[in-house]
Amino acid sequence: MAENPLFVVIIAACFSFTFSTVVSPESNEYPKFQSRTWDQAITMAKSFVYQLTLEEKCNMTAGIVGLCAGNVLPIPRLKFDGLCFKDSPNGVGGTVLHATAFPAGIHIAATWDRDLAYKRAATMGKEFREKGINFALGPMMNIDRNARHGRNWEGFGSDPYLSGENAFVYVQGIQDQGVVATAKHYICNEQETNRLYGITDKVSQVDISIPKGYSTNLDDKTMHEIYLWPFMSSVAAGVGSVMCSFNQINGTPACQNDKTLKGLLKGELEFAGNIMSDWGATKTGVDSALGGLDIDMPGNDGLMGYALLPAVQNGTIPESGIDGMIVRILAPYYLLEQDQGYPSIDLDRNVVEDNYEINRQVSTAGIILLKNTNNILPLNITMDNYLYIYGAAAAQSNKGLGTGLFAPQGGVLYQGGGSGFVVPTYGIDPLGALMAKGREFHLQIRYVTNQNDYTAINESFHDRGFSNAKCLVFISAFSSEGYDRHDLYALNNGDQLVQTVASHCANTIVIVNSVSQLNLEAWIDLPNVLGVVWSGMPGAEYGPAILDVLFGDYNPGGKLVFTLAKNDSDYGTDISPTYESNYTEGVFLDYRHFDKYNTTPRYYFGYGLSYTNFSFAKLEISEARNGKHSASSQYRERRMRPYANFGSSRLYEPAYEITFTVTNTGKISGSEVPQLYLGFPAEAEEPSKVLRGFERVYLVAGESEQVTLVLTQKHISYWNVVNQKWTIAPGIYTVWISTSANNADVKLQDSFKV
Ligand code: BGC
């Protein structure tokens, strides 16, 4: 098929990282493809289905073997070429050539920057499209409930609102490029342990013949307010597809769960797209088809597809039911006009262009400065020219770039493992980037990357001329789909490495390249550990990105998307070793839990430092305004797309505008993320505060900006389990504008009465 001539996407050509650069909040440099409305798409899908035989219809309810991770049957006589489904949420994954390895979901969330999140998704969407992929298997929005979950790095952290905002712009970014986004894994898939049946557990003697994954057991309020929330945002954005998960929910497998698939997703949220199974998550044929599953993936299990034919012939499944499934499978294809000149499939087509530029920008923006005693950072390129580098995570893995798929690698981590992993076409490690900088700036660099060689590490400190050197220690933590982390400690005795360096070096700076939460307690308070930088899961541009932050070419502004506890048990939630995972904490997750038990963490959710300072003033709360240029109108406009789903749109109507001023009071440009935490009237039975707004604000030195955050009807509602409705509790609502979930970081406070 010929490429769509409209496809002229211009990626911003010049991103710079100097202090004088303020990142533009404009996203309109990304042209959007035409799309239809859901009603139009459904009508077209129906007329297609009308032309199919019963056999063809049944066949289409299961994937077939093909070039992609998932493939839908082509029907040549109707000039339908089939559909290609491909991972991942972090770029075009699998073993394809020429794809950009983006910073992972957890890293984009740490930018707290919707504009960058959109740009990342649109750039990624463009790569999916140009390779001819119809459905991108992302975003991944399972909540970081369990710090040890192997897939936390693919998602957006521990807060449902933050995850929902990320999911929303991700869907828009991908679908504006004409590619169908897939919200996954639906739902309550917060651990890998026991996700599959058929794994012998010799210790617990679990019956391996049980054709189910573990069961997540939770109540209705928790389901709506925490786990369903980001899926609801995805549906509102207009997501075309949802992937059901391996686990069960309250004792019923996710891919045949009538309550979650038909009741919540297709019913309550009015989702009109399709539900595909995760790869191997279909446990039954007829029950799944009746329970709400539309397509079994990858489809080689003999459960659906042609195997459904007898059930349709004998009336167990009405033919109208099969018709509905096919309409849903095809509706997103028509919705995004993939029937008109979509690129042919070539997974290895070189589509990376200059996408490294946005990649580097996102990578840098998601880096978080956690500790900066005596302003050890930023390093001064002329004064701080003696540098020691320690740790395997500073340099390339000696096993190559493509081997991070499932096994922890000793070297630098660009992304985590599993189907979310994108094999980088290149990757720039911190040490390599530093060497290049060393040439230009006459740096003196010494390094030991063999983390087990303590003789070399200890001896290195005797190097002539290095007595006042700065020591950069790179540690990492890996995780992957398929299994959960054993603990929350750095790989390969990273704690011992930091302790050893800090025992010699008065200027120790630790760089943490981690998939999700890590326990920092073994060294965080050591007097010689002056700086700590969280580099997250930064993608292929890691090297230049971390150097920009370390040397102050970019003023860090990322913020934690989970709490870092002092004790692992402080989180209050963990992986279940059994086949039952009980979410008894309800809505008291992460900072909500720390608030409830008055537990002080090491670093709070939402925390991150800058090299400059900010002040806040003039908090005003008003009811939503209707003027053309009001924040409420802009809010509505940002959400508008032809493919958007208006099912719950009443809930997304602006209710209040919260306005305040932020000023950069320091001497250099930088950014702050004011966070709006809301306190509810008692009737709502909410935690003492919940995140309900944020904006990353970039300001040059001395500059002020008025920020307006919009609270919608949904933001001030709680899920009423009696009425089965989002309900606004009458009473006083408290608004806190803060720079983290730490109450000591609250800058402004006011309240309003409903
Ligand atoms: C993963 C999904 C992925 C699918 C296809 C499954 O194992 O859980 O996230 O999209 O494989 O690769």
Side-chain angles (χ1 to χ4, degrees), residues 62-72 83-96 99 102 104-106 124 128 131 133-144 149-156 163 167 170-171 174 179-199 212-214 216 230-231 234 239-248 253-255 273-283 293-301 347 404-406 415-423 479-484 515 537:
I64 56 163
V65 176
L67 287 172
C68 299
N71 306 275
V72 171
L83 298 172
C84 161
F85 298 7
K86 191 91 183 89
D87 290 302
S88 87
N90 311 298
V92 184
T95 51
V96 309
F102 289 90
I106 201 85
M124 205 185 279
F128 274 102
K131 286 175 179 288
I133 298 162
N134 303 88
F135 283 52
L137 301 179
M140 138 68 181
M141 60 200 69
N142 295 123
I143 298 287
D144 182 343
H149 182 204
R151 301 191 78 169
N152 281 337
W153 67 274
E154 297 181 58
F156 304 124
S163 300
Y170 190 113
V171 170
I174 294 279
V179 177
V180 182
T182 308
K184 70 185 189 182
H185 308 85
Y186 187 76
I187 191 171
C188 301
N189 182 185
E190 276 80 33
Q191 68 174 56
E192 299 301 280
T193 306
N194 294 335
R195 77 169 186 166
L196 300 177
Y197 67 98
I199 295 173
K212 298 168 180 172
Y214 68 90
T216 298
F231 287 96
S234 307
V239 76
S241 185
V242 172
M243 183 190 291
C244 55
S245 51
F246 284 103
N247 54 293
Q248 307 171 64
C255 290
N274 60 62
I275 300 175
M276 68 172 82
S277 69
D278 197 345
W279 272 229
T282 310
K283 307 300 182 193
L293 181 64
D294 299 307
I295 182 161
D296 173 27
M297 278 291 165
N300 52 3
D301 50 21
L347 297 176
L405 199 50
F406 283 102
Q415 294 188 346
S419 62
F421 177 74
V422 178
V423 182
S479 73
S480 168
E481 174 185 346
Y483 57 95
D484 296 309
V515 277
M537 278 293 106

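Every heavy atom of this structure was used, including side-chain atoms; hydrogens, water molecules and symmetry mates were not. Please read all numbers here as calculations on a predicted model, not as lab measurements. Whatever order the structure lists ligands and atoms in, that order sets their numbers, starting from 1.
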Parallel, tilted or perpendicular: ring planes of F135 versus F85, cut at 30 and 60 degrees: parallel
Have a look at ligand 1 and work out which part of R195, if any, has a heavy atom under 4.0 Å from it: side chain, backbone, both or neither. side chain
Looking only at heavy atoms of [X], does any of them come nearer than 4.0 Å to an atom of ligand 1?
X    : answer
F85  : no
R151 : yes
E154 : no

For [atom], which protein heavy atom lies nearest, and how many Å away is it?
atom                    : value
atom 7 (O) of ligand 1  : E481 OE2, 2.6 Å
atom 2 (C) of ligand 1  : D278 OD1, 3.2 Å
atom 12 (O) of ligand 1 : D87 OD2, 2.4 Å
atom 9 (O) of ligand 1  : H185 NE2, 2.7 Å

Of D484, N142, D144, which meets side chain to side chain donor-acceptor pair (under 3.5 Å) against N152? D144
Could you say whether the N/O atoms of W279 and ligand 1 ever approach to under 3.5 Å? no
Looking at K184 and D87, is there a salt bridge between them, counting it only when a charged N and a carboxylate O are closer than 4.0 Å? yes
Is it the case that the side chains of D296 and T282 hold a donor-acceptor pair, with the cut-off being a distance below 3.5 Å and no angle test? yes
